[in-house]
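These numbers were taken from a predicted model, which means no experiment stands behind them. First the proteins, then the strands, lettered A, B, ... as listed; each starts at 1.
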Protein chains: 2
Amino acid sequence: MKVFGKRTSEGSRQITQKKEKLKNFLKEKGLKSTRQRDLIASEFLKIGEHITAEELYREINKKYSDIGYTTVYRTLKLLNKSGLAAERVFADNLTRYEPLSAEDHHDHLICMKCGSITEFQELKIERLQDRVAEEFGFLAVSHKMELYGYCNKCKDNA
Amino acid sequence: MKVFGKRTSEGSRQITQKKEKLKNFLKEKGLKSTRQRDLIASEFLKIGEHITAEELYREINKKYSDIGYTTVYRTLKLLNKSGLAAERVFADNLTRYEPLSAEDHHDHLICMKCGSITEFQELKIERLQDRVAEEFGFLAVSHKMELYGYCNKCKDNA
DNA sequence: CATCTAATTGAAAATGAATTTCAATTTCCT
DNA sequence: AGGAAATTGAAATTCATTTTCAATTAGATG
Ligand SMILES: [Mn+2]
Ligand SMILES: [Mn+2]
Ligand SMILES: [Zn+2]
Ligand SMILES: [Zn+2]
């Protein structure tokens with residue numbers, strides 16, 4: 001099993017690369033590159049966590065108080081459509097975003113006490129999921145798997 | 001792998017049993033048995049599907065137009081707390097409820113075209129999930145696993 | 001560079017499911 | 001039957017998300 005551990009913010013190399021991808025996506029779709037989109041994407045990629053639009057907005061707002069919540073919200077949607085961000089909804093029913101690279105599919109362990117999110121990839125489970133789908137003649141496109149409980153830090157000192 | 005297939009509405013025997021359980025729960029908690037709770041529970045158990053409060057309310061309302069939405073909503077919460085109903089939120093972000101027996105944990109295949117929901121149980125996956133949690137020193141309490149795609153009927157005539 | 005058009009922006013309003021409030025009613029214990 | 005406490009249903013509220021709209025901006029064209 002591959003362990004991701006704590007999400008580390010990406011190197012500036014990858015960030016530059018991703019921002020290039022975004023630009024291409026925008027041009028392709030006849031959309032425009034703007035100062036706001038650029039700054040929001042930069043901050044989002046730099047933070048690199050599972051973050052809500054609201055949270056990202058607060059961060060952005062510290063540095064760039066002229067950028068509105070709506071634009072942050074819309075830019076996250078855009079990043080999602082362009083394949084640079086994944087949209088996630090965990091048990092608290094808030095929509096979160098995380099930077100996504102093409103091949104890094106993973107699932108989540110979510111601590112019900114401290115809220116920490118740990119990522120994992122378990123190919124054996126993925127294979128079994130495909131098999132289940134197959135047995136039902138179901139064409140699987142995506143899946144969602146989340147384990148809820150208490151993380152290593154929280155499980156003792158409850 | 002155990003196949004549940006289509007959820008069949010429960011026999012009147014099981015329904016009676018569950019309603020007994022509800023009564024016990026209410027008494028235990030110092031809550032009251034009411035005509036509304038009885039009727040809502042009956043209808044819910046009879047329908048036996050993954051249903052929203054709104055949908056259940058509409059059904060109830062056909063027969064008992066004096067029962068309000070709020071009471072349906074609250075009774076579903078109650079059924080959940082008493083262990084008779086499971087609360088589920090799939091990708092459409094609506095809260096659904098389904099009758100639940102103590103030991104029938106299962107996960108879901110959800111058709112993105114027709115919305116049909118198929119249930120399955122795959123113990124191998126469950127075991128692997130436990131192992132993943134263990135590797136992280138994570139104390140797993142519950143999990144959520146949903147496969148999204150196209151059901152047998154929908155995958156061809158798209 | 002100037003012009004033009006379509007896209008973008010940000011504030012405010014709208015949406016919609018979930019939840020809470022509150023006065024009237026009902027349950028059920030004594 | 002009496003009375004305290006729980007319940008009910010309509011309406012109001014909450015809160016994240018999404019949409020609206022008038023003003024601004026990007027960037028294509030000449
Ligand atoms: Mn993740
Ligand atoms: Mn189910
Ligand atoms: Zn924790
Ligand atoms: Zn289908």
Exam field: side chain Lys155(B) to backbone Gly137(A), donor-acceptor pair closer than 3.5 Å: yes
Contact nearer the 5' end of DNA chain C, comparing Arg35(B) with Leu94(B): Leu94(B)
Any Gln36(A) side-chain N or O less than 4.0 Å from OP1/OP2 of dA26(D): no
Residue-phosphate contact under 4.0 Å: Tyr69(A) side-chain N/O, dG10(C) OP1/OP2: no
Pick out the pairs of N or O atoms, protein on one side and nucleotides 3-7 of chain C on the other, that lie under 3.5 Å.
unit_1 : atom_1 : unit_2   : atom_2 : d
dA6(C) : N3     : Lys32(A) : NZ     : 2.9
dA7(C) : O4'    : Lys32(A) : NZ     : 3.2

To the nearest Å, how far apart are [X] [atom1] and [N] [atom2]?
X: Asn61(A); N: dG10(C); atom1: CG; atom2: P; result: 11 Å
X: Glu55(A); N: dT17(D); atom1: CD; atom2: P; result: 10 Å
X: Asn93(B); N: dA18(C); atom1: CG; atom2: P; result: 9 Å
X: Tyr57(A); N: dT17(D); atom1: OH; atom2: P; result: 15 Å
X: Asp92(A); N: dA17(C); atom1: CG; atom2: P; result: 20 Å
X: Leu26(A); N: dT25(D); atom1: CG; atom2: P; result: 19 Å
X: Leu78(A); N: dT9(C); atom1: CG; atom2: P; result: 9 Å
X: Asn80(B); N: dT19(C); atom1: CG; atom2: P; result: 11 Å

Indicate, with a heavy-atom threshold strictly under 4.0 Å, whether [X] touches base, sugar-phosphate, or nothing.
X: Thr95(A); result: sugar-phosphate
X: Lys77(A); result: sugar-phosphate
X: Thr34(B); result: sugar-phosphate

Any salt bridge between [X] and [Y], counting N to O under 4.0 Å?
X: Arg96(A); Y: Glu49(A); result: no
X: Glu54(A); Y: Arg58(A); result: yes
X: Glu43(B); Y: Lys63(B); result: yes

Closest to the Arg74(B) side chain, choosing from dA18(C), dG27(D), dA10(D): dA10(D)
Nearest-neighbour nucleotide for the Tyr73(B) side chain, dG10(C), dT19(C), dT17(D) considered: dT19(C)
Stepwise side-chain hydrogen bond (donor to acceptor under 3.5 Å, both in side chains) check, Ser42(A) with Lys19(A): CA-CA 8 Å; Ser42(A) 293; Lys19(A) 285 173 64 176; 2.5 Å; yes
His50(A)/Glu98(A) under side-chain hydrogen bond (donor to acceptor under 3.5 Å, both in side chains): CA gap, chis, key distance, verdict: CA-CA 5 Å; His50(A) 307 86; Glu98(A) 62 172 325; 3.0 Å; yes
Side-chain heavy atoms of Glu135(A) within contact of Phe120(B), under 4.5 Å: no
